[in-house]
Amino acid sequence: MSVMRRWAVPVVRRLGSGVLVLWGAATVSFLVLHLVPGDVVDTVLGPSTAATPELRERIRADYGLGDPLPVQYLRQLAGLLTGDLGRSYQQGLPVGDVLAGQIGPTVELALAATVLALLIAFVAAVATAGRGRAARAVASGLELLAVSVPSYWLGILAFTFLSYRFRLLPAAGDQGPAALVLPALTLALPIGGVLARVVRQELDEALARPFALTVRARGATERTVLLRHTLRHAALPVATLSGWVVGSLLGGAVLTETVFARPGLGRVLVTAVTSKDIPVVTALVLLSAAAFVVVNLLVDLAYLVIDPRLRTEGAGV
Amino acid sequence: MPTRRSFLLLSAGALTAAGLTACSTAEPSPGAGGAPRDGGTLTFATDVEPDNFDPHVSPADIVGVLLRNVFDSLVAQRQDGGFEPWLAREWEVSDDGRAYTFRLRDDVEFTDGTPFDAAAVKANFDHIVAPATKSQYAATLIGPYARTDVVDRHTVTVRLKKPYASFLHAVSTTYLGFHSPEALRERPGELAAGGGASVGTGAFTFVSRVKGQRLVFARNASYAWAPASAKNDGPAHLERLVVTFLPENATRVGAVTSGQADVADALPANRIAALKSQPGLSISSHDSPGIVYSYFLNTERAPFDQRDARLAVLHAVDTEAITKAVFAGQYRRAWGPLSPSTPGYAAAVENSWKHDPARAGALLDGLGWTGRDADGYRTRDGRRFRLTLLYVPAYTKSERRTFDTAVQDDLKKAGIELVLKPLDAGSYTPVRDRGEYDIIAFAWGGSDPDLLRTVFHSGSQLADGGANGSRLHDPRIDGWLDTATATTGRKEREALYAKVQERIVAQGYALPAFVGTRQLGVRGRAHDVAFDASAWPLFQGAWVDGS
């Protein structure tokens with residue numbers, strides 16, 4: 001029972017606040033999109049279309065853009081509650097159809113990049129933690145470089161050499177795992193750089209703590225101390241940063257997908273924002289908010305797994 | 001009023017582009033030679049992915065190009081601007097210019113097996129003008145359309161509310177192409193999505209679309225109705241045509257240099273010189289017809305309500321030097337409102353004016369702008385000579401912004417301050433429609449001189465769905481344009497359009513800047529990619545070497 005409670009209560013509480021977050025996200029995106037100056041119909045048509053007044057009126061009427069804002073807001077909320085995301089202004093198709101097929105490639109890219117980033121972070125940190133100053137300076141410099149270089153430029157550099165010059169990997173598109181390597185690496189490097197710094201600092205601190213001394217006193221090798229004991233400490237801040245990681249992945253996907261011409265939500269978002277395709281933007285905002293809610297929930301549960309001290313009765317999450 | 005996506009201010013397409021895609025073949029692409037081989041796949045890399053794949057709705061150039069593979073037209077526009085039979089065997093125009101009768105081929109089938117007949121023509125034209133279609137281009141292109149009468153199974157008469165000489169040009173474009181009536185009836189909601197719902201009579205069928213990624217077209221084996229000027233009168237040689245969307249210039253250039261694409265579209269001007277020396281790659285350049293990228297001077301308010309102020313701007317800006325610098329010597333400067341490759345282009349405008357800062361200065365002195373302020377700008381009654389150019393950054397290519405900045409520099413030398421004012425798309429349209437600007441700049445592709453009416457006729461104001469960026473009300477220009485649209489004789493029409501062009505330059509209503517050029521990179525294995533009257537690539541006759 002207490003085990004059930006320990007896991008179920010925070011989950012339910014989290015889910016409840018998750019719904020609030022989604023509602024907030026829907027509301028904020030509605031307000032932002034409608035309150036920025038400019039007529040929605042003008043933005044939908046863009047400056048390049050010379051539309052007759054009749055066409056403008058027809059579009060306004062078809063999408064209900066002539067109704068008062070509170071009416072439009074309630075209609076949108078009601079739609080969302082019933083799972084109806086509306087129709088894209090630009091493509092005239094249901095938003096679900098617009099996004100279908102785009103979620104997969106982005107999730108694929110994000111997961112691959114996450115795995116790579118974690119790999120980079122832990123390998124770099126473990127290899128250099130507790131080492132001499134020179135090794136650390138080199139690692140630290142490389143990490144700084146990875147963090148500072150714009151992923152956009154890194155991507156262009158990567159395919160110029162690896163794809164066009166040496167023809168090792170395909171540059172563009174979504175044709176199987178080989179085409180995933182470059183974009184995932186481009187997306188992972190800056191994230192891996194940040195995480196590596198965090199992990200190494202945590203490792204260094206943990207290695208200096210009394211428990212590390214105790215473990216060593218039991219005759220454990222440095223390797224055992226590092227891998228079995230201190231690494232667990234280092235995992236906590238990484239879990240805490242996962243919200244930031246999700247944000248970086250979503251933001252980075254916009255650039256990476258454009259440079260590598262991959263399908264995905266990032267590219268859809270760019271087009272939708274530029275042309276004020278409100279139903280599509282709203283759906284993407286909700287999707288991102290949902291991703292954050294789910295990741296944060298998973299992180300909270302991960303704390304319990306990583307840190308046994310949190311599992312004791314009464315220690316809430 | 002016939003209006004269209006304008007690329008008001010900019011946009012990807014217009015630079016390179018042209019709009020009204022009509023069909024006809026042109027000179028073969030480099031690398032032509034040998035007997036065409038059937039089979040194989042050609043990959044075409046382009047920059048912009050359309051939002052909406054229904055040519056009856058979309059105003060985008062790229063839709064006209066890509067869907068040309070799927071949708072045929074009643075007539076085809078030849079490279080020389082004339083028209084030839086396509087799905088219509090012949091046609092005649094009534095004496096009053098208000099009825100067009102087309103006798104259709106009786107051997108044409110849609111790829112879903114539906115026969116192409118008079119009822120199909122009627123269903124499509126009625127679909128274009130139906131308010132529910134929300135057409136952003138085809139409905140204006142079709143002009144004063146009244147109705148289509150089915151005369152017999154293979155004869156239709158299209159009736160217009162008034163004479164409209166550009167009607168043949170309109171029906172030659174992809175935008176007035178034909179969906180299978182069955183698709184119109186059964187799948188109206190899916191026409192925008194592309195893929196299997198786009199069913200036409202064309203040389204290719206639209207097999208699939210992966211959003212953000214690629215389109216796949218497959219050969220229509222029963223195709224036997226190409227226009228006479230097409231080199232290939234049978235089915236396409238290619239087994240498959242694959243279109244990939246690579247928005248990044250660097251990616252697209254890399255794709256064609258490495259052979260990951262066979263043909264790449266819209267190559268950036270600053271890379272052309274280097275690409276020309278690449279082995280296995282040839283560059284094919286075509287001037288885009290239509291209204292060139294121009295700075296439209298607002299003639300409705302001061303200072304451009306005065307001719308001398310407009311001419312001062314024309315003389316102050318060295319468009320030749322700017323064009324050379326911004327486009328690495330690849331584009332030509334423009335002399336008049338139309339691109340030289342547009343039917344009806346008036347060569348008389350060439351060398352009729354020139355960069356002449358001294359003359360600009362004298363004109364400004366004459367207008368009383370004789371003072372100078374601390375920053376070196378001219379003043380009159382203590383007020384600086386200041387101009388505002390409106391633009392929307394999200395829709396303005398960087399090359400154009402560079403061009404605008406260079407114009408700003410030249411004007412500064414003449415003592416004129418040009419303020420480049422960025423606005424977002426939603427704020428821009430109302431400000432523009434109210435005429436609260438001195439200058440706006442855009443190009444407008446199309447292979448018909450009647451575009452002049454869309455851009456310079458007093459009845460084509462921006463707020464009414466026209467593109468009269470100069471806010472012009474010139475009765476003489478209106479008169480010539482009205483007469484031209486009611487005149488069917490090609491010579492007479494072109495003489496009228498020539499007068500319009502010469503007057504626009506002489507009056508300085510707009511500063512013509514540069515001629516957009518479509519630059520394609522073609523790999524050695526791809527042959528016979530042809531270009532239509534709008535300088536867009538055609539693939540019906542193309543073929544590739546075996547691997």
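Quick note on labels: first sequence line is chain A, next is B, and so on, each numbered from 1.
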Is any side-chain heavy atom of A:Asp42 closer than 4.5 Å to one of B:Pro430?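 In short, these two side chains touch, coming nearer than 4.5 Å.
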Rounded to the nearest 0.5 Å, how far apart are [atom1] of [X] and [atom2] of [Y]?
X        : Y        : atom1 : atom2 : result
A:Thr52  : B:Gln136 : OG1   : CD    : 10.0 Å
B:Gln213 : A:Arg267 : CD    : CZ    : 7.5 Å
B:Thr429 : A:Arg56  : OG1   : CZ    : 6.0 Å
B:Glu248 : A:Leu255 : CD    : CG    : 9.5 Å
B:Lys211 : A:Asp97  : NZ    : CG    : 6.0 Å

Tell me, for [X] versus chain B, whether the close heavy atoms (under 4.5 Å) come from the side chain, the backbone, both or neither.
X        : answer
A:Leu55  : side chain
A:Asp277 : neither
A:Thr271 : side chain

Part of B:Asp433 within contact of chain A (heavy atom distance under 4.5 Å):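 The side chain, not the backbone.
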Heavy-atom distance under 4.5 Å to chain A: side chain of B:Ser135, backbone, both or neither?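 Contact with chain A: backbone only.
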Look at atom CZ of B:Arg271 and say whether more than 12 heavy atoms of other residues, nucleotides or ligands are closer to it than 6.0 Å.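 No, CZ of B:Arg271 has 12 or fewer neighbouring heavy atoms, counting only those of other groups under 6.0 Å.
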Partner of B:Pro131 under side-chain contact (heavy atoms from CB on, under 4.5 Å), chosen from A:Glu54, A:Arg58, A:Glu57: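 Testing each of A:Glu54, A:Arg58, A:Glu57 against B:Pro131, the sole residue satisfying side-chain contact (heavy atoms from CB on, under 4.5 Å) is A:Arg58.
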Within 45° cone of A:Tyr63 ring axis and under 6.0 Å: B:Lys134 NZ or CZ: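 Positive - B:Lys134 is close enough to the ring of A:Tyr63 and near enough to its axis.
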For chain A, which of B:Ala192, B:Ala250, B:Gly254 has the most heavy-atom pairs under 4.5 Å?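 Most heavy-atom pairs within the cutoff with chain A belong to B:Gly254.
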With respect to chain A, which residue among B:Ala132, B:Gly189, B:Ala394 yields the maximal number of heavy-atom pairs within a distance under 4.5 Å?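 Of the candidates given, the most pairs with chain A belong to B:Ala132.
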With respect to chain B, which residue among A:Val98, A:Val41, A:Val40 yields the maximal number of heavy-atom pairs within a distance under 4.5 Å?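 The residue among A:Val98, A:Val41, A:Val40 with the greatest pair count is A:Val98.
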Can you name the nearest heavy-atom pair linking A:Pro53 to B:Ala463, along with the distance?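 Of all heavy-atom pairs spanning A:Pro53 and B:Ala463, the closest is CG-O, 3.6 Å.
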